[in-house]
Visitor: 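Take this structure first; my questions come after.
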Amino acid sequence: MEKTRIVVVGSCNTDLVISVDHLPAPGETIIGHDFMTNQGGKGANQAVAVARLGGTTAFVARVGDDGFGRQSIALLKEEGIDTRHVLLTEGVATGVAMIPVDCRGENSIIVASGANALLTPADIDAAADTIREAGIVLMQLETPVDTLIRAARLAREGGALVVLNPAPFPKEPLPAELLALVDIITPNETEASMMAGISITDEASALQAILKIQATGIKQVILTAGSKGAYTAESGSLVNIPAVKTEVVDTTAAGDTFCGALCVALSEGNGLTGAIRFANRAAALSVTRRGAWMSIPKRGEID
Ligand code: ATP
Ligand code: RIB
């Protein structure tokens with residue numbers, strides 16, 4: 001039987017969002033506008049994107065044994081996500097993200113990891129059957145890297161495609177052990193610049209960065225580039241898959257929507273370029289709406 005299930009391993013946060021005229025400079029205090037408490041977290045956002053866009057998904061994560069954590073699990077279930085491996089963690093807070101969003105839709109994000117930092121390789125072992133049965137395992141970097149290595153190893157053993165969204169990119173380089181287990185990586189321009197050690201300022205430097213990341217052994221690099229869409233390299237040449245032109249309200253979770261959509265399209269048998277086109281369409285819709293989960297479209301809005 002063909003494996004089409006997408007297992008997401010990653011973070012689950014509650015987002016505390018304030019809309020502002022401009023993002024505060026260091027040392028600056030500003031008065032913002034309205035405040036919202038939203039569901040978020042890169043892992044949870046990606047799992048929700050998969051579920052809303054028609055994929056079957058299980059989520060492996062930790063939340064705190066608090067109101068935010070219990071609410072997150074209940075809402076993940078309502079999305080049709082298998083939450084058997086979303087664990088309540090005693091005595092720790094659920095991850096929280098503080099997000100000011102400016103009038104152009106740009107944001108800055110500070111994450112207090114809380115329970116996300118306690119997702120261990122043993123938790124992955126406890127979810128081993130689920131991970132081994134996956135067609136695709138999708139991960140980000142808001143949970144410990146040794147845990148992701150364990151998940152990627154089990155995924156590979158089960159024959160799954162391993163997709164890494166390297167966000168947020170850490171100060172230290174990613175371990176070669178992890179990179180060796182990744183099939184597709186989806187950095188944005190900042191992450192690709194950090195990973196490759198090349199400042200991306202134009203298409204030539206974008207290609208250089210993609211090729212340098214490919215040289216680590218990762219077959220497919222998909223560089224997301226906001227309103228420019230996404231770039232890949234084919235036979236050493238740059239390929240642009242343009243974004244859908246749209247009005248921008250809030251870009252929070254655009255990258256997460258892109259990753260979830262990409263995996264759904266791949267799980268349905270699309271080639272990489274077709275999957276990126278689908279992901280661009282889903283992500284473009286997400287930037288027209290505020291918030292993280294709140295902004296993620298359903299399949300019927302895209303087909
Ligand atoms: P974020 O951190 O804001 O969630 P990101 O920095 O991870 O996003 P981006 O490259 O900014 O990633 O955006 C991801 C994808 O979202 C893009 O490849 C594109 O498909 C879509 N997107 C983002 N911004 C726009 C925009 N202004 N117009 C249309 N599509 C957009
Ligand atoms: O990618 C957006 C997400 O980053 C937010 O939902 C926030 O929780 C942080 O994890």
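Please read all numbers here as calculations on a predicted model, not as lab measurements. When a ligand or atom number is given, it counts from 1 through the structure's own listing order. Note that these values count all heavy atoms, side chains included, but never hydrogens, waters or copies made by symmetry.
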Visitor: Classify the contact between Ser286 and ligand 1 as side chain, backbone, both or neither, using a heavy-atom distance cut-off of under 4.0 Å.
Guide: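 Under 4.0 Å from ligand 1, Ser286 contributes no heavy atoms.
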
Visitor: Write out the protein residues near ligand 2, meaning a non-hydrogen atom under 4.0 Å from one of its atoms, in order of chain and number.
Guide: Asn13, Asp15, Gly40, Gly41, Lys42, Asn45, Ala97, Ile109, Glu142, Ala253, Asp256, Ala292

Visitor: Could you tell me the residue and atom name of the protein heavy atom closest to atom 15 (C) of ligand 1, and the distance to it rounded to 0.1 Å?
Guide: Ala283 CB, 3.9 Å

Visitor: Within the structure, does Val248 bring an N/O atom to less than 3.5 angstrom of an N/O atom in ligand 1?
Guide: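 No; every N/O pair is 3.5 Å or more apart.
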
Visitor: Heavy atoms only, cut-off 4.0 Å: how does Ala253 contact ligand 1, side chain, backbone, both, or neither?
Guide: backbone

Visitor: So for ligand 1, is Val287 a polar contact partner (N or O within less than 3.5 Å, distance only)?
Guide: no

Visitor: Taking non-hydrogen atoms only, is Val244 closer than 4.0 angstrom to ligand 1 via side chain, backbone, both or neither?
Guide: backbone

Visitor: Could you go through Arg5 and Asp82, starting from their C-alpha distance and side-chain angles, then the distance that decides it, and tell me whether this counts as salt bridge (Lys or Arg N to Asp or Glu O under 4.0 Å)?
Guide: CA-CA 11 Å; Arg5 201 170 199 225; Asp82 174 353; 2.8 Å; yes

Visitor: Would Ala279 count as a polar contact of ligand 1, with the cut-off being nitrogen or oxygen pairs under 3.5 Å?
Guide: no

Visitor: Does Gly229 come within less than 4.0 Å of ligand 1, judged by its heavy atoms?
Guide: yes

Visitor: Among all protein non-hydrogen atoms, which one is nearest to atom 26 (C) of ligand 1, and what is the separation to 0.1 Å?
Guide: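 It is Ser227 CA, 3.6 Å.
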
Visitor: Should Thr251 be counted as touching ligand 1, given the test is an N or O pair under 3.5 Å?
Guide: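 Yes; at least one N/O pair falls below 3.5 Å.
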
Visitor: Would you check whether Asn188 has a nitrogen or oxygen atom less than 3.5 angstrom from a nitrogen or oxygen atom of ligand 1?
Guide: yes

Visitor: Report yes if Thr224 has an N/O atom closer than 3.5 Å to an N/O atom of ligand 1; otherwise report no.
Guide: yes

